[in-house]
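Data block below; observations after.
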2 protein chains.
Amino acid sequence: MHHKTTALIIDDEAQIRKLLVFTLEKQGYRTLTADTGTLGIEMTAMHKPDIILLDIGLPDITGIDVLSRIREWSQVPVIILSVRDREEEKVVALDKGADDYLTKPFGMSELLARVRVALRHQSQTDTTSSILSNGAIKLDVASHLVTLHGREIELTATELHLLRIFLQHPGKILTHTFLLTEVWGTAFKEETQYLRVYVGNLRRKFEKDTTRPTIFITEPGIGYRMLLLEEPPIL
Amino acid sequence: MHHKTTALIIDDEAQIRKLLVFTLEKQGYRTLTADTGTLGIEMTAMHKPDIILLDIGLPDITGIDVLSRIREWSQVPVIILSVRDREEEKVVALDKGADDYLTKPFGMSELLARVRVALRHQSQTDTTSSILSNGAIKLDVASHLVTLHGREIELTATELHLLRIFLQHPGKILTHTFLLTEVWGTAFKEETQYLRVYVGNLRRKFEKDTTRPTIFITEPGIGYRMLLLEEPPIL
DNA sequence: TAGAGACGTAAGAGGTTCGTGAAGCAGTGG
DNA sequence: CCACTGCTTCACGAACCTCTTACGTCTCTA
């Protein structure tokens, strides 16, 4: 993957947006901005930012609603920004899934520190170590490079995503619903046909005999499982 | 198996400690207290609390030092409490591994909300897959894997579902109606023949001698029962 | 010991789920 | 505008599971 860490700023005040964009980009983050809640939700779905800075007072829908909508399908860290210092509002926001809550005016260095904390939590949650492997199959997450016995395998974006999910849970049975929500999003959790096609693709590229799979096992009525594989002999 | 969530309060002011203990215990947390940094570090090692509330101004060593020492070996969530609102100090604390930073005076409901946020992060990090077990039979609910004496047993979706119900009520007599309702739904509560077939399947896969079952016992006219089994010897 | 009711087991029909090849469709770059 | 790639959708045979039926066994009671 290595793209820059991307921050989405959802705030209706142009001044604040500018300040945040300037500050974050100076630190090397990529930034996206949205001036309404609806747009913010769309951009979250579209661009999958690594962190969201969300103003609670928006023109169309409240920041809390934006947060709730996003939390239906994403665990991206969200830091709430607010002009009001109302404790009750803080509690609601934090319990709705916000990761932090900052009251304006706040210092930029504190904001950056809290962004780092949120991203740190996230990276602990993601098992995003730079190389995932299971036996002879290795995936370098940063460079998108996949190898089988050291030979490179060409994968499309979706195949790669699916493989990554399997590699993050080696040996475990992953349900249809789980795989579909992880790779395609919660709206696709019924589309088991996608899995048939893409697990098929992975088998075609990794299995010796696709008719009798030894890596990607079907668990009928439940889901699929990537077996724990032997480490290849070190030559 | 569920022990209460334990909070360790490291603060030298008795008043604050009392207030925090009172508030947290009212919410159902277990609390521990330490009035010096050194003691706090010891208690962290000894009692492995689930979260730490750490005052930054301590008599012996600074809260930052306490944090650094703890972070050498533990990822327990730490929320810093401080009387000072110095931004620079916040940044240092957060970058040293603190999960949040609250400036006194703060509201108790905000504190509790931030404790919940910290614990939520932690529970996402832990990959504690819940395991149901009875003797040598183990079911990892998340990964749907079943083992008997460590060897994996292949189960169909229905068999798995039925086994889960048994494991959730070990040793208890479960009526036909109850089992049928749980696994097949209330519309099937008369279909006791299903149970004969599927309990038979489980016996075939788990019992040594299916003609004299020692695990899945028939309670004639009532239902079935999964006996409490001996823990397997630790080798 | 006979009979009735409940239970266990085997086997097959039927239906659901799977795998796979191929056809639409959308986006990209020449 | 066309060729190319990859995602989605469709169609159909194969594989598998669930449900059903049939029948034998066990247990309790008279």
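First the proteins, then the strands, lettered A, B, ... as listed; each starts at 1.
- Glu88(A) meets the salt bridge (Lys or Arg N to Asp or Glu O under 4.0 Å) test with Arg86(A); sequence neighbours excluded.
- The pair Asp100(B)-Arg114(A) meets the salt-bridge criterion, since a charged nitrogen lies less than 4.0 angstrom from a carboxylate oxygen.
- What separates CZ of Arg212(A) from P of dA15(D) is a distance of 13 Å, to the nearest Å.
- The CD-C1' distance, from Glu219(B) to dC28(D), rounds to 16 Å in whole Å.
- Applying the ring-ring contact (aromatic ring centres under 6.0 Å, His included) test between Phe166(B) and each of Phe206(B), Tyr198(B), Phe216(B) identifies Phe216(B) as the sole match.
- Of the side-chain N and O atoms in Thr156(B), one or more sit less than 4.0 angstrom from OP1 or OP2 of dT18(D).
- Atom CD1 in Ile217(A) sits about 12 Å away from atom P in dC16(D), given to the nearest Å.
- Counting to the nearest Å, the P atom of dG5(C) and the CD1 atom of Ile222(B) are 19 Å from each other.
- Across all strands, Tyr224(B) comes closer than 4.0 Å only to sugar-phosphate atoms, never to a base (heavy-atom distances).
- Remark: Tyr194(B) is not in phosphate contact with dT18(D), judged by side-chain N or O atoms under 4.0 Å from OP1 or OP2.
- For dG8(C), one of the phosphate oxygens OP1 or OP2 lies less than 4.0 angstrom from a side-chain nitrogen or oxygen of Thr218(B).
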Tabulate protein N/O versus nucleotide N/O from nucleotides 20-26 of chain C, keeping only pairs under 3.5 Å, one per line.
unit_1  : atom_1 : unit_2    : atom_2 : d
dT20(C) : O4     : Gln193(A) : NE2    : 3.0

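- Between the P atom of dC7(D) and the CG atom of Leu195(A) lies a distance of 14 Å, rounded to the nearest Å.
- The stretch residues 172-184 of chain B comes close to DNA chain C through His176(B), each having a heavy atom under 4.0 Å from the strand.
- Taking only side-chain atoms of Thr158(B), from C-beta outward, the nucleotide of dT20(D), dC7(C), dT18(D) with the closest atom is dT18(D).
- Defined by atom type and a distance below 3.5 Å, a donor-acceptor pair is missing between the side-chain atoms of Arg196(B) and Thr218(B).
- A donor-acceptor contact shorter than 3.5 Å is absent between the side chain of Arg84(A) and the backbone of Thr103(A).
- A search for salt bridge (Lys or Arg N to Asp or Glu O under 4.0 Å) contacts involving Arg204(B) returns nothing, not counting sequence neighbours.
- Atom CG in Leu155(A) sits about 10 Å away from atom P in dC7(D), given to the nearest Å.
- In this structure, Glu152(A) has no salt bridge (Lys or Arg N to Asp or Glu O under 4.0 Å) partners at least two apart in sequence or on a different chain.
- Straight-line distance from the CD atom of Glu191(A) to the P atom of dT17(C): 14 Å, rounded to whole Å.
- With sequence neighbours excluded, the residues satisfying salt bridge (Lys or Arg N to Asp or Glu O under 4.0 Å) with Glu219(B) are Arg225(B).
- Atom-to-atom, CD of Glu159(B) to C1' of dC16(D) comes out at 12 Å; the value is rounded to the nearest Å.
- Between Phe178(A) and His169(A), the two ring planes are perpendicular [angle over 60°; tilted spans 30° to 60°].
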